[in-house]
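Here's the structure we're looking at; comments come further down.
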Protein chains: 2
Amino acid sequence: MEKLSDRKEKILKAVVDEYIKSATPVSSGEIKDKHFNNISSATIRSELSTLEDMGYLIKPHTSAGRIPSKDAYKLYIDRFMVKIPLKQKEMELIQNSFKERFEGVEEIVRRTAKVISDITNYTSVIVLSNINKVKIKEIKLVELDEHSALVIIITDSGIIRDKVIALSNPMSTVYVKDANALINKMFSGKTVAEIKSPDAIIKKELADFKELYDSIIAILESYGGTNDSNVFIEGTSKFLDYPEYDLDSAKKFLTVLDTKEKFAELIEQNQDIEFSIRIGKDESCGLEKCAIVTARYKLNGKEIGHAGVIGPERMDYSKVVSVLSYVGKTLEKIADGGNDDKEKQ
Amino acid sequence: MEKLSDRKEKILKAVVDEYIKSATPVSSGEIKDKHFNNISSATIRSELSTLEDMGYLIKPHTSAGRIPSKDAYKLYIDRFMVKIPLKQKEMELIQNSFKERFEGVEEIVRRTAKVISDITNYTSVIVLSNINKVKIKEIKLVELDEHSALVIIITDSGIIRDKVIALSNPMSTVYVKDANALINKMFSGKTVAEIKSPDAIIKKELADFKELYDSIIAILESYGGTNDSNVFIEGTSKFLDYPEYDLDSAKKFLTVLDTKEKFAELIEQNQDIEFSIRIGKDESCGLEKCAIVTARYKLNGKEIGHAGVIGPERMDYSKVVSVLSYVGKTLEKIADGGNDDKEKQ
DNA sequence: GTTAGCAGTCGTATGCTTTGAGTGCTAGAT
DNA sequence: ATCTAGCACTCAAAGCATACGACTGCTAAC
């Protein structure tokens with residue numbers, strides 16, 4: 001793709017900027033008024049015309065202005081997107097979301113999703129994953145009643161997850177103690193991946209605790225995979241604010257969101273890079289005119305999953321990336337020791 | 001309100017039935033074709049006219065058929081609503097939802113909400129409440145690391161909830177043991193309400209564990225009130241299936257659902273009766289053309305909260321009530337000993 | 001009390017016209 | 001070579017008039 005002249009770039013940027021604001025086709029006159037005072041609209045028109053030929057602009061119909069093509073968004077992101085500093089108020093809002101000391105992943109993640117959605121004004125999604133790579137610090141087994149126990153899994157990144165399991169044989173306190181000891185001997189310090197594929201020898205040692213062992217493996221399995229309880233969505237109603245969506249797309253959008261697992265796959269496609277911006281590539285799954293921006297998130301140095309924002313193609317990419325980035329940084333610090341030391345962005 | 005003649009009743013029922021199916025105004029001819037073969041449409045027209053005068057029917061405009069008024073729905077519910085037996089498949093679906101042995105409230109409740117929404121095809125909401133009236137069976141304190149612990153609350157209805165709390169002083173194992181003993185001495189066997197208003201004497205005894213005590217009270221407080229984590233909503237997208245809602249109402253609806261707390265209040269208004277059906281009474285809160293059916297739910301004999309369905313005024317009340325009722329019965333049995341003994345409705 | 005018949009109502013669908021925002025082209029100015 | 005003013009052309013959207021048809025309500029006869 002050949003290099004654009006400076007003026008062409010400036011005009012293209014103008015179109016994208018205006019379209020992000022208004023969601024209506026941008027005309028040559030509008031560009032002249034708001035971005036140029038030295039050239040006429042006719043000149044801009046001829047430039048627009050060549051930009052259209054190059055595939056960066058689209059005319060909805062002859063007598064309308066232009067809207068950016070997907071390529072235009074991509075170029076815009078490459079060339080013009082800068083991390084804009086967040087407003088003081090926004091940063092405070094993010095900091096405040098994490099004021100209270102941490103209380104289990106669910107709580108943190110829910111708040112993270114909420115604050116991302118609130119500040120960007122788009123729907124946000126967080127998918128927890130990569131549990132496989134995380135090390136188990138300790139597993140605690142707490143007796144609840146004769147037939148059930150609570151398994152508490154503590155990872156070295158400070159993530160705590162727990163789940164009630166059922167046991168067919170009545171549990172004695174002794175059993176619990178033994179089981180606790182054995183399980184920790186086996187599991188602690190290992191990654192989930194390691195635990196999932198144990199040697200036959202270890203398996204034998206566990207004969208007495210087969211049921212318990214299986215239950216724990218099942219929990220680890222479900223936390224690793226894309227599971228309903230690993231997906232957090234906030235701000236579902238936000239996307240209805242954008243005029244490009246009608247009842248039909250609303251329905252589609254909500255249906256996709258209702259089946260969280262499927263949606264999670266979308267978010268997780270970003271495996272390698274820090275940020276991924278996908279525009280209109282997910283038509284197959286009912287998200288036709290959407291762009292998805294995702295980032296990988298860490299907690300205490302370990303990857304814990306992906307956070308994403310979903311909105312119209314003309315979303316405010318600069319803002320979204322800035323917010324995702326700032327929230328990500330804030331999050332990384334939580335496990336260490338609270339966020340008393342406010343840092344600059 | 002005077003008694004209606006049998007024929008008037010039959011005609012009114014016909015209008016409601018047809019309107020529930022089609023969501024379009026019902027005409028005299030349609031009623032004749034589908035429900036009468038002995039009287040003419042003209043006769044039905046004159047009956048419709050008097051029913052309109054009596055306030056049961058509404059004409060959207062002169063040359064349209066009639067739609068039921070709120071009063072008509074109420075009469076319909078009183079007079080004609082019967083618990084229709086669910087289909088075999090539906091019952092199986094409900095039973096299967098609870099096949100796995102229970103694993104904490106969240107899990108059960110989420111599934112309950114899901115199955116209600118799936119079978120009725122309306123949005124479902126469950127609000128946990130009444131924790132105040134529930135007795136604490138045991139509270140367990142599990143050390144996680146130096147600065148945090150997991151509080152596990154087990155109630156006599158088998159509900160298990162837990163939360164991570166932070167502690168400013170490093171915890172020793174001894175401390176945990178002592179605290180555990182003391183807390184249980186104090187709390188177990190009491191209702192949450194009793195715990196919340198402790199005698200001054202008890203408070204003194206707790207001096208050493210003030211911080212811990214406060215944390216636990218805070219947890220109980222939050223579980224009692226209508227809190228984000230006490231509200232479960234499923235099937236948000238379902239309501240877009242109904243033609244009476246446009247983009248505007250969709251937006252309102254979703255916004256209300258996004259602020260779960262507010263929504264919970266609506267559901268909880270039903271305090272005294274087993275079922276409550278409210279039609280169009282919640283206009284103030286953005287739910288203009290909605291009806292809400294709620295039921296109080298028990299787990300192991302104790303009230304745990306309210307389950308509700310929200311949909312258009314013309315919702316299939318019989319079906320909804322039947323489903324809520326059957327799910328409720330199924331739920332009651334879970335804590336006892338699984339659901340192996342399938343019972344008839 | 002019931003019914004057939006018919007006039008009257010009003011929402012909806014359809015097609016036509018007007019309007020105006022925007023473009024593309026061209027000829028002349030810079 | 002560029003740029004620009006001017007003008008013809010296009011096309012969606014808005015407005016308007018007409019026709020249609022699904023109803024009702026009324027009346028007169030059964």
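The basis for the numbers below is simple: all heavy atoms, side chains too, and nothing from hydrogens, waters or symmetry mates. Naming convention: chains lettered A, B, ... in sequence-line order (proteins, then strands); numbering from 1 in each chain.
The distance between atom CD of Glu47(A) and atom C1' of dC3(D), rounded to the nearest whole Å, is 11 Å. Residue Asn37(A) contributes atom CG, which lies 15 Å from atom P of dC3(D) at whole-angstrom precision. In this entry the distance linking CD1 of Ile11(A) with P of dT23(C) reads 12 Å, nearest Å. The distance between atom CD of Glu52(A) and atom P of dT23(C), rounded to the nearest whole Å, is 10 Å. Protein atom CD1 of Ile39(A) is 18 Å distant from nucleotide atom P of dT30(C), rounded to whole Å. With rounding to whole Å, Ile67(A) atom CD1 is found 17 Å from dA21(C) atom C1'. When the P atom of dG25(D) is taken as reference, atom CG of Asp53(B) falls 9 Å away, rounded to whole Å. Rounded to whole angstrom, the span from the CD atom of Glu30(B) across to the C1' atom of dT24(D) amounts to 15 Å.
Under the 3.5 Å distance criterion, the side-chain polar atoms of Thr120(A) are matched with a main-chain donor or acceptor of Ile116(A).
For Lys251(A), the NZ atom sits in a packed shell: over 12 heavy atoms of surrounding residues, nucleotides or ligands are nearer than 6.0 Å.
Ion pairing of Arg314(B) with Glu18(B) is absent here, as no side-chain N (NZ or NE/NH1/NH2) approaches a carboxylate O to less than 4.0 Å. Under 4.0 Å is where a charged nitrogen must lie from a carboxylate oxygen, and between Lys8(B) and Glu47(B) at least one such pair does.
Residue whose closest nucleotide on DNA chain C sits further toward the 5' end, between Ala64(A) and Ser46(B): Ser46(B). Looking at which nucleotide of DNA chain D each of Ser63(B) and Lys59(B) is closest to, the 5′-most match is held by Ser63(B).
Contact check, Arg7(A) against dC3(D): a side-chain N or O comes under 4.0 Å of OP1 or OP2. Residue Thr62(A) places at least one side-chain N or O under 4.0 Å from the OP1 or OP2 atom of dC11(D). Proximity of Ser28(B) to the phosphate of dT24(D): a side-chain N or O atom is located under 4.0 Å from OP1 or OP2. The side chain of Ser41(A) places no N or O atom within less than 4.0 Å of a non-bridging phosphate oxygen (OP1 or OP2) of dG22(C). For Arg45(B), no side-chain nitrogen or oxygen approaches OP1 or OP2 of dG1(C) to under 4.0 Å.
Closest to the Thr43(B) side chain, of the nucleotides dT24(D), dT3(C), dG25(D), is dT3(C). The Arg66(B) side chain lies nearest to dG25(D) when the options are dC3(D), dG25(D), dT3(C). You'll find that the side chain of Ser49(B) is closest to dG25(D), out of dT24(D), dT4(D), dG25(D). For His61(B), the listed nucleotide lying nearest its side chain is dC10(C); candidates were dC23(D), dG24(C), dC10(C).
Side-chain contact check for Lys83(A) and Ser318(A): no donor-acceptor pair (N or O, by modelled atom type) lies under 3.5 Å.
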